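Bear in mind the structure is a predicted one, so any value in this text is a computation, not a measurement.
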Amino acid sequence: MKLTGERPIEGETPDSLLALHAAGYREVRARVGTGLMLDLGCGLGDGTVGFAGDERMLVGVDYDQETAASAVALHPGVDLNTVCSDGAVLPLRTATFDDVCSSHLIEHFVDPEFHVAEVARVLADDGRAFFLTPNAPADFENPYHVYLFDPEDLEAMLGRHFRSVTVLGIDATAEVKGDFEKRRAMADKLLRLDPLGLRHKLPRSAFVWLHATGRRVAYRYTNTEQVGGQSGITDEEFFVTEAIDPSTLVLLAVAEKPIR
């Protein structure tokens with residue numbers, strides 16, 4: 001899989017970003033029950049298989065057919081089934097899943113309301129859904145992130161499809177947040193090369209190509225000590241907080257009692 005910035009990749013994506021994703025899955029794992037588990041935007045299934053258990057069946061969904069198939073092939077010892085599908089139009093039965101995880105997916109939809117409605121539809125009446133997404137003020141510019149949320153916006157959208165919504169934050173130690181700020185400063189320097197914002201006037205395919213190419217070049221020269229575990233940053237440096245501020249890295253919403 002080629003590095004584009006759309007998906008985290010072991011050995012290429014900075015350790016801090018991989019650890020952030022891992023921490024999100026860790027917090028969801030701590031809150032799920034048994035039964036049928038759905039992971040939307042499962043990618044290669046590295047996070048999905050962490051939900052495996054004797055009393056839990058796993059289904060992963062990814063929009064890319066090859067990726068969905070690879071997730072199963074890469075984890076032969078896990079009871080995992082995958083489906084290739086758009087996360088806003090799921091070919092799954094209503095009120096089927098005991099738990100649903102949408103990890104860093106909702107921000108990829110131009111109109112995420114359809115995605116949220118589908119999660120509510122397939123969730124069992126007594127089930128629980130989890131949404132992980134960047135906190136808008138703390139996010140980096142990314143052409144794949146087309147709809148960003150602050151806590152109030154996320155709670156409002158989910159509240160139209162669930163009767164119970166709790167929004168928490170996932171934050172990190174000062175050292176790790178310093179690592180994020182260092183990369184943000186580097187990104188800001190690069191963006192100053194385009195003071196007129198011409199990149200936003202390009203066709204979307206060209207903007208995505210430019211972003212992906214720039215990211216690969218930047219990572220090649222700046223990430224030599226930040227990938228492959230060399231930084232020492234792990235998910236243990238991340239924690240859940242109720243005190244969300246503009247620097248909080250990620251939002252974790254827990255939604256229950258679906259409205260259909």
>> Pair Thr34, Asp98 - check side-chain contact (heavy atoms from CB on, under 4.5 Å), show working.
In response: CA-CA 7 Å; Thr34 57; Asp98 300 289; over 6 Å; no
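- Connection of Leu148 to Ile170 is not established within any shared hydrophobic cluster, with ILVMFWY side chains joined at heavy-atom distances below 4.5 Å, either directly or through further cluster members.
- Within 6.0 Å of CZ in Phe109 there are more than 12 heavy atoms belonging to other residues, nucleotides or ligands.
- Cys101 and Met37 make their closest contact through CB-CE, 3.6 Å (heavy atoms, listed as atom of the first residue, atom of the second, distance).
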> Yes or no on side-chain contact (heavy atoms from CB on, under 4.5 Å) for His161 and Val119, after CA distance, side-chain angles and deciding distance?
Replying inline: CA-CA 9 Å; His161 301 275; Val119 173; over 6 Å; no
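- Looking only at side-chain heavy atoms (C-beta outward), Arg29 and Phe51 come within less than 4.5 Å of each other.
- Here the shortest heavy-atom pairing between Val83 and Ala68 reads O-CB, 4.2 Å.
- Panel note: side chain Arg260, backbone Ala120; a donor-acceptor pair is recorded below 3.5 Å.
- In this structure, Arg121 and Pro258 have side chains that are not in contact, with every pair of non-hydrogen atoms separated by 4.5 Å or more.
- Counting heavy atoms from C-beta on, the side chains of Lys257 and Asp125 never come closer than 4.5 Å.
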> Which is it for Glu237 and Asp179 under the side-chain contact (heavy atoms from CB on, under 4.5 Å) test, yes or no, and what are the steps along the way?
Replying inline: CA-CA 12 Å; Glu237 274 82 39; Asp179 178 79; over 6 Å; no
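- No path of Ile, Leu, Val, Met, Phe, Trp and Tyr side chains, each step under 4.5 Å between heavy atoms, connects Ile106 with Val254, placing them in separate hydrophobic clusters.
- Taking OG1 of Thr48 as the reference point, atom CG of Leu38 lies at 9.5 Å (rounded to 0.5 Å).
- Side chains of His75 and Leu58 form no contact here, defined as non-hydrogen atoms less than 4.5 Å apart.
- Atom CZ of Phe239 has more than 12 neighbouring heavy atoms from other residues, nucleotides or ligands inside a 6.0 Å radius.
- Note: Arg31 CZ to Asp99 CG = 12.0 Å, rounded to the nearest 0.5 Å.
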> Passes side-chain contact (heavy atoms from CB on, under 4.5 Å), Phe238 versus Val250? Steps please.
Replying inline: CA-CA 10 Å; Phe238 296 84; Val250 164; over 6 Å; no
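- Considering CZ of Phe140 and NE2 of His145, their distance stands at 11.0 Å, rounded to 0.5 Å.
- The cluster map of Ile, Leu, Val, Met, Phe, Trp and Tyr, joined by side-chain heavy atoms under 4.5 Å apart, puts Val59 and Leu44 in different clusters.
- Closest approach of Ala71 and Gly45 over heavy atoms only: CB-N, 3.9 Å.
- Leu105 and Leu17 are not part of a single hydrophobic cluster, where members link through side-chain heavy atoms under 4.5 Å apart.
- No side-chain donor from either of Asn135 and Thr248 sits under 3.5 Å from a side-chain acceptor of the other.
- Phe131 and His115 have perpendicular rings, their planes meeting at more than 60° on a 0 to 90° scale where under 30° would count as parallel.
- Listed here is the closest heavy atom pair of Ile259 and Arg163: CG1-CG, 3.8 Å.
- Contact record, Pro143 with Val146: O-CG1, 3.5 Å, taken as the closest heavy-atom pair.
- The distance from the NE2 atom of His21 to the NE2 atom of His104 is 4.5 Å, given to the nearest 0.5 Å.
- The shortest side-chain heavy-atom distance between Tyr147 and Met157 falls under the 4.5 Å cut-off.
- Atom CZ of Phe162 is separated from atom CD of Glu155 by 13.0 Å, given to the nearest 0.5 angstrom.
- Within the 4.5 Å cutoff, side-chain heavy atoms of Leu40 are placed close to those of Leu90.
- Of the candidates Asp235, Asp39, Asp46, Tyr25 forms a side chain to side chain donor-acceptor pair (under 3.5 Å) with just one, namely Asp39.
- Between Ala129 and Leu123, the shortest heavy-atom distance links the atoms N-CD2, 3.9 Å.
- By the neighbour-count criterion of 12 heavy atoms within 6.0 Å, atom CD of Glu113 is densely surrounded, having more than that number from other residues, nucleotides or ligands.
- Taking 4.5 Å as the limit, some side-chain heavy atom of Ile244 sits within range of a side-chain heavy atom of Leu251.
- The number of heavy-atom neighbours closer than 6.0 Å to NZ of Lys177, taken from other residues, nucleotides and ligands shown, is above 12.
- Rounding to the nearest 0.5 Å places CD of Glu118 at 12.0 Å from OG of Ser102.
- Linking ILVMFWY residues whenever their side-chain heavy atoms come closer than 4.5 Å, directly or via other members, places Val49 and Phe130 in the same cluster.
- With contacts defined as side-chain heavy-atom distances shorter than 4.5 Å, the pair Asp86/Tyr63 does not qualify.
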